[in-house]
Amino acid sequence: MKKSVFLGVLTVAGLAAGVAAAGTLDDVKARGKLNCGVATGVPGFATPDANGVWQGFDVAVCRAVAAAVLGDQMAVEFVPTTGKTRFTALASGEIDMLARNTTWTFSRDVDLKFDFVGVNYYDGQGFMVPKSLGVGSAKELDGATVCIQTGTTTELNLADFFRVNNMSYEPVPIETNAEAQQQYLAGACDVYTTDASGLAATRATFEDPSAHVVLPEIISKEPLGPLVRHGDSEWGDVVRWSLNALIAAEEYGVTSANIDELAKGTTNPEINRLLGSEGTLGEMLGLSADWALKAIKANGNYGEVFEKTIGTSTPIGLARGLNAQWTEGGLLYAPPFR
């Protein structure tokens, strides 16, 4: 099981080293379009709407970067990737960045030669079962069949959890969230395990969500965030600080409603530097002075994006939890814009 997670490590690392030297920022500017890797379809996070326009929490990160670099949040080519194909797509240069419920781990950062530029969702792995199964805890799953996406950290976490608790299970390998949903609802597996946010997104699409239960155990740390190739720090800075701009905007009270007014100048130097009325932060990135303003205007600040895509008022229904601002008891924290 461990083998599949690290399959092709050497090939991926070699690809990444070669492509990174090209200078992704210049490539994106010359192309006039950002190639962004996303999931094949996870409601609330990344999925095309009825008109084929990609929407979602992860999609908003791609659009913020496109707005910052190109001044147009729609100048994005979305490339759906699976757990198996995502890293090769990034390493080979098929995509410029990956924003796809991908966990920041040691081996992915170091051995696969990628740079995670931050965390846009703090998550953890959970389990979903039909209510009719009568199970109240993951520790009651001995002998269960489990739908699990291949090439993911969830494979290793699952093996570790069952081993520690002296239980056995039968894996039912799947490659996409859509396939997992189909297999689970067809009864091919007793349990579906993935990040808790993914379980909430999947459950929200069911005809009767109340017939399915997400068990209380969270068995791992899953810091999910966008990533780029090693060796291209200039591009990594652009993606990192575009994400940070969304996070900082929420902390400073910069919203879709007031951003144009605040951009004229305020008594808060941090807001002025963020929005470009003061300082030379844009120039340092090789972008225009209003790069962050454009990134934030694309879909709003972090809190606005969260609420309209996966928040409590949406079918996904996720509370902020660990993803609240640090000032509200969460882990969300952007370094200073200075």
I'd like to know whether T150 forms a side-chain hydrogen bond (donor to acceptor under 3.5 Å, both in side chains) with E155, so could you lay out the CA-CA distance, the side-chain angles of the two residues, the decisive distance to 0.1 Å, and finally the verdict. CA-CA 7 Å; T150 54; E155 280 188 306; 5.6 Å; no

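- Between F306 and Y121, the ring-plane angle classifies as parallel under the 30° and 60° cut-offs.
- For the pair H230 (side chain) and D109 (backbone), a donor-acceptor distance under 3.5 Å is present.
- Side-chain atoms of Y184 and H212 include a donor-acceptor pair closer than 3.5 Å.
- More than 12 heavy atoms of other shown residues, nucleotides or ligands fall within 6.0 angstrom of atom NZ in K308.
- Contact between G56 and T309 at its shortest, heavy atoms only, is C-CG2, 3.7 Å.
- Ionic pairing of R240 and D115 is not present here: no N-O contact between side-chain nitrogen and carboxylate oxygen is shorter than 4.0 angstrom.
- We find that R320 and E250 are joined by a salt bridge, their nearest charged nitrogen and carboxylate oxygen being less than 4.0 Å apart.
- Clustering ILVMFWY residues whenever any of their side-chain heavy atoms sit less than 4.5 angstrom apart, transitively, puts I148 in a cluster other than the one holding V214.
- Taking 4.0 Å as the cut-off between side-chain N and carboxylate O, R31 and D27 do not count as a salt-bridged pair.
- Donor-acceptor pairing under 3.5 Å is recorded for the side chains of Q125 and N157.
- A side-chain donor-acceptor contact under 3.5 Å links N177 and T202.
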